[in-house]
Amino acid sequence: MLDKIEEFVNWLNDMDWGWRPVLSLRPPKDRDMDNRLLVKLSLIFGSAIGAFFSALFLFVDVTTGNGTITIGDILFDALYYLPAGWILFFLVFKMTFAYFWNRRARRLRRNQE
């Protein structure tokens with residue numbers, strides 16, 4: 001069962017569109033995705049996640065609250081949701097896509113020896 005999941009996740013991992021705009025950061029299939037790479041990816045994709053949630057909650061505040069947004073609201077949301085997006089992306093990606101990528105990389109290195 002785990003092999004089937006790995007096959008599917010790595011099929012997704014190998015698609016170029018999922019790596020845009022950081023296609024140059026994708027390691028060779030026999031190299032691990034290390035935490036350094038995950039931090040770089042988190043700063044890009046996690047920022048998008050944080051910005052999405054920030055905009056979502058600002059929208060909810062406007063529609064359910066007093067209807068105004070202050071600069072303070074925007075700054076608070078950015079300071080709160082951007083780091084949350086980075087951490088969320090890092091953890092979820094490490095436990096899913098990076099896990100299966102590294103599993104395949106170890107197997108490929110063993111087969112090369």
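The basis for the numbers below is simple: all heavy atoms, side chains too, and nothing from hydrogens, waters or symmetry mates.
- Shown here are the side-chain hydrogen bond (donor to acceptor under 3.5 Å, both in side chains) partners of Asp30, two or more places apart in sequence or in another chain: Gln112.
- Residues Leu38 and Leu12 are members of one and the same hydrophobic cluster, defined by side-chain heavy-atom contacts under 4.5 angstrom among Ile, Leu, Val, Met, Phe, Trp and Tyr.
- Within a 6.0 Å sphere centred on CZ of Phe45, other residues, nucleotides and ligands contribute more than 12 heavy atoms.
- Rounded to the nearest 0.5 angstrom, Ser42 OG and Leu37 CG are separated by 9.0 Å.
- Residue pairs meeting the salt bridge (Lys or Arg N to Asp or Glu O under 4.0 Å) criterion with at least one member in residues 18-27, sequence neighbours excluded, are Asp16-Arg26.
- Proximity of a side-chain donor or acceptor of Asn10 to a complementary backbone N or O of Asn13 within less than 3.5 Å is not detected.
- Put simply, Trp19 and Ile44 are part of the same group of oily side chains (I, L, V, M, F, W, Y) that touch within less than 4.5 Å, one to the next.
- The cluster map of Ile, Leu, Val, Met, Phe, Trp and Tyr, joined by side-chain heavy atoms under 4.5 Å apart, puts Leu58 and Val60 in different clusters.
- Partners of Trp11 by side chain to side chain contact (heavy atoms under 4.5 Å, CB included), not counting sequence neighbours, listed by chain and number: Phe8, Met15.
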What donor-acceptor contacts under 3.5 angstrom involve side-chain atoms of residues 75-96, with partners at least two apart or in another chain?
residue	atom	partner	partner atom	Å
Trp86	NE1	Ser47	OG	2.8
Lys94	NZ	Asn35	OD1	2.7
Thr96	OG1	Val92	O	2.6

For residues 97-108, please give each side-chain donor-acceptor pair under 3.5 Å, one per line with the distance, not counting sequence neighbours.
residue	atom	partner	partner atom	Å
Trp101	NE1	Arg31	O	2.8
Asn102	OD1	Met33	N	2.5
Asn102	ND2	Met33	O	3.2
Asn102	ND2	Ala98	O	3.3
Arg103	NH1	Asp3	OD1	3.3
Arg103	NH1	Glu6	OE1	2.3
Arg103	NH2	Asp3	OD1	3.3
Arg104	NH1	Asp14	OD1	3.3
Arg104	NH1	Asp14	OD2	2.8
Arg104	NH2	Asp14	OD1	2.9
Arg107	NH1	Glu6	OE1	3.4
Arg107	NH1	Glu6	OE2	2.9
Arg107	NH2	Glu6	OE2	2.9

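- Remark: Thr70 pairs with Asp73 by the side-chain hydrogen bond (donor to acceptor under 3.5 Å, both in side chains) rule, at least two apart or across chains.
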